[in-house]
Amino acid sequence: MCGIIGIVARERVNQALYDGLTVLQHRGQDAAGIITCDDQRLYLRKDNGLVRDVFHTRHMLRLLGNIGIGHVRYPTAGCESSAEAQPFYVNSPFGICLAHNGNLTNTDQLKQELFRDDLRHINTNSDSEILLNVFAHELARQGTLGINENHVFDAVAGVHRRCRGAYAAVTMVIGYGIVAFRDPCGIRPLVFGKRDTAAGTEYMVASESVALDVLGYERVRDVAPGEAIYITQDGQLFTRQCAEAPRYATCIFEYVYLARPDSIIDDVSVHKARLRMGEKLAAKIQREWPEHDIDVVIPIPDTSRTSALQLANSLGVKYREGFIKNRYIGRTFIMPGQQQRKKSVRQKLNPIDLEFRDKNVLLVDDSIVRGTTSRQIIQMARDVGARKVYFASAAPPVRFPNVYGIDMPSVDELVAHGRSVEQVAAEIGADRLIFQDLDDLIGAVRKGNSKLNIFDCSVFNGEYVTGDVNREYLDHLQNQRSDNAKQERRDPESEEVIEMYNNA
């Protein structure tokens, strides 16, 4: 899960790209980057850290030009090197930059092909660099000193033939414009919009529509699965379907947790989808536990608030805010290690004891992944006097790894894998645990757009929509991306710096 943005405007885009990335910050907190182009020259700033920390006034002043792309990074592979911050750049052909959200599932094969057949070197462990080089090679195969929309779309078609997995990408081709494309299943989101000015029409692409809203762009529509859009540097827009068999299989976890509630993804309001999740969860409680003794419903901020409020209204139970959140702590789910996640939960949330004391409390969260957060929050509720602590998840049990760009790679780290609901409840310390049914979750999202017939629900049912994921691949992914593997790959020099700092 990362955030991407691209703008072709009539004035400098540095501030707009910065503002757009801050709105997409929830999609990645590890690194940020912006690259712009002015008079055939590139200007790049990227580094580890939040957007506000990576870009200072001196950096912004150097980002010249009316066209550019940006990225906020969320590392699924656990690499903390700034070398893997995006956007990436290759100088041939023309000079191309790329920012990517997702994860390729055939990276090893592609890396070999790029070296053996395309004579290209990959310098990092990032699949985004591989995607960039595949696109660059396909564009070079057009065999022309200048390109038009047909050359661009033929190159994207070549990418679709070679690449597997999830990818929403925005590229900037120096001297020509911005190209954005989405994988043939549309797993990761991508939307574009426009803004009419006195100087002409401006265009923008982004991971979520909320970025368009904040910058005053009118949402045109989502980029369709397999589709590419090409915006020339003088503001012309071209679109074309470039995949042979595209289909919608949007990641349903975007609606559960990843996206902001004020975004619209594939014509579905995330906010309304979460309201419906709360309604369906309440219906399940009424159906299976009609004599419940819940005194109060309390959400675990922030993502679950919408579902929790609707659940409480449907049950006719009081809704209360019981936790105060420290806004200066990042999203626990995307912290790069188990120890850091455990530490940050206590720093992030503090309970209001009056809302818990001597009450039977139903805590509501968007999902339960590793169980780390849930276990500690339930204990917090007990520590401040809750009589009973029930727990409800707006999503079904997460039992399988994700291979499409979300950091759920190791089944050993998923609390629900191989466990019954009762066993998970015991593991996190809940008196009772209620999970959303998968059919209800799908129904809650699909009601917003009946054309969405298939979703990527692989973390819940183990069915991978790209059809190329087997046991061998999952084992390989686990060996690379488990918390233990990430810890082993930490830069020894940075460890020495930390040790010196601690001893000072």
Side-chain angles (χ1 to χ4, degrees), residues 26 208-210 250-325 331 333 349 351-352 355-356 359-369 373-374 377-378 381 386 388-398 421 430 432-450 452 455 457 460:
H26 62 285
E208 294 185 32
S209 63
V210 64
T250 305
C251 174
I252 204 163
F253 211 72
E254 289 280 352
Y255 301 95
V256 171
Y257 173 82
L258 301 181
R260 274 183 43 155
D262 44 347
S263 284
I264 297 173
I265 296 177
D266 293 322
D267 292 325
V268 177
S269 164
V270 176
H271 172 72
K272 289 188 176 181
R274 289 176 183 168
L275 286 174
R276 292 188 288 266
M277 291 176 203
E279 291 175 357
K280 291 182 178 295
L281 196 54
K284 181 176 181 178
I285 292 174
Q286 291 171 327
R287 183 173 64 250
E288 298 184 358
W289 191 19
E291 304 302 323
H292 69 80
D293 57 351
I294 301 168
D295 296 319
V296 62
V297 172
I298 294 178
I300 298 172
D302 287 314
T303 323
S304 65
R305 279 198 172 106
T306 308
S307 297
L309 179 60
Q310 195 67 9
L311 183 152
N313 289 338
S314 299
L315 290 180
V317 175
K318 289 181 181 179
Y319 171 90
R320 291 289 186 269
E321 292 286 341
F323 294 101
I324 300 302
K325 185 174 182 179
R331 299 182 92 176
F333 173 77
L349 297 176
I352 302 173
E355 299 295 349
F356 293 89
K359 296 176 183 176
N360 297 334
V361 178
L362 175 64
L363 301 179
V364 180
D365 207 351
D366 50 75
S367 59
I368 303 174
V369 181
T373 302
S374 307
I377 289 175
I378 289 171
K388 291 183 180 179
V389 182
Y390 308 123
F391 204 96
S393 167
V398 175
V421 174
R432 185 163 186 151
L433 176 60
I434 305 99
F435 281 108
Q436 185 87 263
D437 291 334
L438 182 55
D439 287 344
D440 284 344
L441 175 61
I442 292 173
V445 178
R446 181 182 287 160
K447 188 173 182 180
N449 182 357
S450 60
L452 299 179
F455 292 92
C457 303
F460 305 124

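All of these numbers come straight from a predicted model, not from anything done at the bench. Excluded from the calculations below are hydrogen atoms, water molecules and symmetry mates; all remaining heavy atoms, backbone and side chain alike, are included.
The backbone N or O of Ile264 lies less than 3.5 Å from a partner atom in the side chain of Ser209, making a donor-acceptor pair. The backbone N or O of Ala395 lies less than 3.5 Å from no partner atom in the side chain of Gln436, so there is not a single donor-acceptor pair.
Looking at heavy atoms from C-beta onward, Thr303 lies in side-chain contact with Arg274 at the 4.5 angstrom threshold. The shortest side-chain heavy-atom distance between Phe455 and Leu438 does not fall under the 4.5 Å cut-off. With a 4.5 Å cut-off on side-chain heavy atoms, Lys359 and Arg320 do not count as touching. Between Ile294 and Asn360 the shortest side-chain heavy-atom distance does not fall below 4.5 Å. Under the 4.5 Å side-chain criterion, counting only non-hydrogen atoms from C-beta, Leu315 is in contact with Gln286. Two residues are said to be in side-chain contact when any heavy atoms from C-beta on lie closer than 4.5 Å; His292 and Tyr390 fail this criterion. When side chains are defined from C-beta on, Met277 does not count as touching Asp366, because their heavy atoms never get closer than 4.5 Å. Leu362 has its side chain out of reach of Val317: every pair of non-hydrogen atoms, C-beta onward, lies at least 4.5 Å apart.
To the nearest 0.5 Å, atoms OG1 (Thr250) and OH (Tyr255) are separated by 5.0 Å. Atom-to-atom distance recorded for Asp365:CG and Ile298:CD1 is 13.0 Å, nearest 0.5 angstrom.
Nearest heavy atoms, Arg432 versus Glu288: NH2-O, 3.8 Å. The two residues Ile434 and Lys284 come nearest to each other via the heavy atoms CG2-CD, 4.2 Å. Considering every non-hydrogen atom in both Ile368 and Ser393, the closest pair reads N-OG, 4.0 Å. The shortest non-hydrogen separation linking Ser304 to Ile300 is OG-O, 2.7 Å. Across every non-hydrogen atom of Pro396 and Phe435, the tightest pair is C-CD2, 3.7 Å.
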Exercise answer: donor-acceptor pairs, residues 439-446 side-chain atoms, under 3.5 Å, sequence neighbours excluded:
residue : atom : partner : partner atom : Å
Arg446  : NE   : Leu452  : O            : 2.9
Arg446  : NH2  : Asn453  : O            : 2.7

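Under the rule for a side chain to side chain contact (heavy atoms under 4.5 Å, CB included), the partners of Arg305 that lie at least two apart in sequence or sit in another chain are Pro299, Pro301, Asp302, Tyr319, Glu321, Arg327. Not counting sequence neighbours, the partners of Glu279 by the side chain to side chain contact (heavy atoms under 4.5 Å, CB included) test are Arg276, Gln310, Ser314.
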> When you look at Val389 and Phe356, which way does the side-chain contact (heavy atoms from CB on, under 4.5 Å) test go after all the steps?
Replying inline: CA-CA 9 Å; Val389 182; Phe356 293 89; over 6 Å; no
>> Apply side-chain contact (heavy atoms from CB on, under 4.5 Å) to residues Val398 and Phe460 and explain how you reach the verdict.
In response: CA-CA 5 Å; Val398 175; Phe460 305 124; 3.7 Å; yes
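Summarising the local packing, NZ of Lys272 is surrounded by 12 or fewer heavy atoms from other residues, nucleotides or ligands at distances under 6.0 Å.
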